[in-house]
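Below is one structure; the comments refer to it alone.
Any value given below was found using the heavy atoms of this structure, including those in side chains, with hydrogens, waters and symmetry copies removed. Letters go in sequence order (proteins before strands), and every chain restarts at 1.
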Amino acid sequence: MAVGPMKRSTLIGWCLAWGILSMPLGAASADERARDQAIALEDLRRKIAGQVQLSAYNLLDELVYQWTQSPPFGQPTPVIIAGVTAPVGLGAGFESLLENHLSGLLVAHPGSNVILSHCPSCNAVVMHSGPKGTVVSRGLDNPEALAKLGGPGGRYGLYLDVAAEGAWLVLRARITQLTPDLPIVWSRTLTQSVGTPSLLRQQTALKSAEDARREYLDLLNDRGPFTVPIRFAVRAYEAGDSTSVTPVPLIWLQTGFELALGQARAWTASGMLGYAWLPEAYDGLMVQSRMSRLISGNSHSLTGPDIYLFLGGALVTVYGPAIAPLRNDLQTIDQILRDPESAESTRATFGAWHIGLEYRVGNRIGASVFLENMPSYNGSDTIGVFFENEWIDFHSLGMEVTFCF
Amino acid sequence: MGAQVQRARETQVKTYAQGWATRLVGLALLLSGGATTGCIAVYQPMSGLHRAIAVDPGYAHLADLDLTLHCVPGDHLDRGETRALCRKVSRLFENQGAEVRMVLGRSPLADPDDAPESPATAAAPEKPTPKTALHVSLSSRLVHQEEISIFGWSIVTDYTFAQDITIRDESGFLLVKDTLTGRMMMRLGVFEDAKDEFTRDYYGQISQLAFNAKIRRQVLRESQAQAGTN
Amino acid sequence: MEFWLYVLLMYMPSLIETARDPMNGYVAPNATLRTLDCEPISTEGARRIAPGRVSDAHARSDFLNRRAVVCRERLMPLGVRRPQDDALLSNLRGMARDMAGAVAEAAPKASGRTWLVEVFHPDAALSYKIGFAVKNALLERGVRVTDRAPSLAAGDVEVLGVTPQNKAYPLACTRYAAGGGLGPNDALLAVVLRDPRATIMHAGVCVDGQWRWVR
């Protein structure tokens, strides 16, 4: 049939037309993709520079500190910053930051015997013609030309290079004497792993790494074993089998004391007083005590979150019209009608014990979740069970946010 | 009162039925989860496998190489698995232009008593071969294995393996030596791209090592020639 | 509800163990997994590196298996730099020490000479870093090093530009010695990238006009 070949050619024609028409579109989208990738790469580089900056400062602090302890020169000596290079992939802005930080350190520590000196012709491009030929170079690389320009004959140039080598940040430094032979008179290589926290030494009073770390730890542990927590808690309940009315959740504001039973804060004990209030609904008071055990390690973390498992008990009394579902007995209509004030004076007093997990950060803020059992409500028709099993019924599910001071 | 009791009974029955439905669904999920547990492989390159490479394994970089591939069975891979690995690596090198011979077992040149200390002391080949001959030795070992089982049913298998690669020239001189370490975890999971990722990493690294060995062999040959003329 | 709690209890030990594990099979593989360099180490080594992180075994056996893996995150994720640059820079310290060691082996009287270092790599920034690292490594070995660069006449440079690699370096060495670029007490360590597809560099030494590959 003649329809087949014609259909095929039409199809091919359409495909060609579509291909030709979509080519500029495809090229445009490829350009857009390349542009997006370049932007994403630039963002990533900026993020890395921010992360690496403190570590690089740390290394510079260590370098200048070592100079104060063991100066490279016997007496104060003028030195030119001949070159500062950043890790490949990071821009010139990073080099400026390093140079500024180094300058600040050297100015603040004259005991290093390294005195910054200014030399405009050193970094300028100079051309020197002689019997051997014409040499075009930086002034620093051609001391003979530099000497003729009245440059710093016999002074020293400091070169710094920061390199990212895998998980290590490496600072290399060398000092070269600016004479025709350009001998290297001093060099040092310092490394730091990416996981090492920055020591945050003060620029004006450098300390050794051990002293800085000890100071940092003392500051973190300075708060002592005793803290005052302020806690917002919500306890939710289930409706019992014989009622469809879910008890209102109780919102508590608690405060008290928390005591760490050791420097490691592996065990803590707390005693809290709580007050619950919802307008036109209920008021309540609570006394609670709790023991917590650190399960995310042997000692609390100075920089990371900790997880505690806790067990505690509470004595609770709540009263108000909204507390009726929390009573352990169901009143009939006749009883309610006989005593119209009973709704206002409804009170529930019970003891409870709870078990839960707390996620705490920096011993400042924590969030926890727990299950609570109220023994007097075992088998109750009014209060349901959150987690039913053969051993223990948990009547309440609670969540808390804690701030420690 | 009667209506209350009736409602309570209905609630009880409904709750009871709901409870059983949940349990049945849960049991079905547990069994199906059990049937599928361990079928997801998750891969973590530990050291060496995710190093940056400069060669593209899709191009013929090894066109002038004559490779003898020695694959050594070990505790991690038995003979059959080693042979399969050998075939795949052999095909990889062939696709890159090399001529490859496979040998199951240790390379005789790997014996330190036989291998020369430096290329200069090696006996020079009687006639120059048009292609560079290299011996590639692959051996795998199990660094760590852990299994979490419940009632005899393994739900998590976690193992760390290391592949030792050595490349020597025809005289036995060591050109390249490296160890690629990776970790595989077989467990219940949702996402899996372990095989593709591991293949890409492994093939890339082994191609780069072979190319580096080829360049090193070239340089050392020049050095020998230079020493000869001097 | 109870069923899910039973399931959770069953998987709890495994879940707790994966809390610090950089890899788990429950969520999509983390992109940062490929930025980690991990190495299994002994528990004694782990206790030395991170005291308090690995608990001591009880004298009467506590039925716990302990193993330690050290993971370090790369500073520069893959893709930020060119792959070849990344491969060279990731092990720059090791490479520099290797080159400095090669000099000590090849020229036993190395400490009596003043060494110049030249790096032959297409990228100027990378050449500078590699040169810096090699100079520092040589200085750590007590070798005298200078920042001076050996010079060649313009004609020599032109000829060397068209000479094959295998002949260019020995020829350049001869010209350095003849032209005065390298003095009688000088020696040159050249660090060369022979092929842009390689991730290793080679070292050659030029002493008294004689060229020799040492790495």
Handout entry: Contact class of A:V162 relative to chain C, heavy atoms under 4.5 angstrom
Key = backbone

Exercise for the section: Sort A:A82 into side chain, backbone, both or neither according to what part of it lies under 4.5 angstrom from a heavy atom of chain C. Expected result: neither

Which atom pair, heavy atoms only, marks the closest approach of [X] to [Y]?
X	Y	value
C:R72	A:A167	CB-CB, 3.3 Å
A:T191	C:R93	CG2-NH1, 3.4 Å
A:P183	C:T146	N-OG1, 4.2 Å
A:A173	C:N136	O-ND2, 3.6 Å

Problem - A:R174 vs C:D147, side-chain contact (heavy atoms from CB on, under 4.5 Å): CA-CA, chis, key distance, verdict - result: CA-CA 10 Å; A:R174 69 171 191 260; C:D147 268 338; 3.0 Å; yes

Exercise for the section: Check whether any side-chain heavy atom of C:M76 sits under 4.5 Å from a side-chain heavy atom of A:P87, and report yes or no. Expected result: yes

Fill in the blank from the handout: Applying a strict 4.5 Å limit to non-hydrogen atoms, the region of C:A137 in contact with chain A is neither

Fill in the blank from the handout: Highest number of heavy-atom pairs under 4.5 Å with chain C among A:I307, A:T189, A:V52 belongs to A:T189

Problem - Most contacts with chain C, counted as non-hydrogen pairs under 4.5 angstrom, among A:L160, A:V185, A:V170 - result: A:L160

Handout entry: Gap between atom OG1 of C:T114 and atom CG of A:D181 - 0.5 Å precision
Key = 7.5 Å

Problem - Pairs touching residues 176-190 of chain C that satisfy side-chain hydrogen bond (donor to acceptor under 3.5 Å, both in side chains), sequence neighbours left out - result: C:R148-C:D186

Practice task
Please list all pairs passing the side-chain hydrogen bond (donor to acceptor under 3.5 Å, both in side chains) test where one or both residues lie in residues 157-166 of chain A, with sequence neighbours left out.
Solution key: A:T85-A:D161, A:D161-C:K129, A:E165-A:R172

Exercise for the section: Would you mind telling me which of C:K135, C:E140, C:R82 has the largest number of heavy-atom pairs within less than 4.5 Å of chain A? Expected result: C:K135

Exercise for the section: Among the options C:G179, C:A125, C:P77, pick out the one with the most heavy-atom pairs lying under 4.5 Å from chain A. Expected result: C:P77

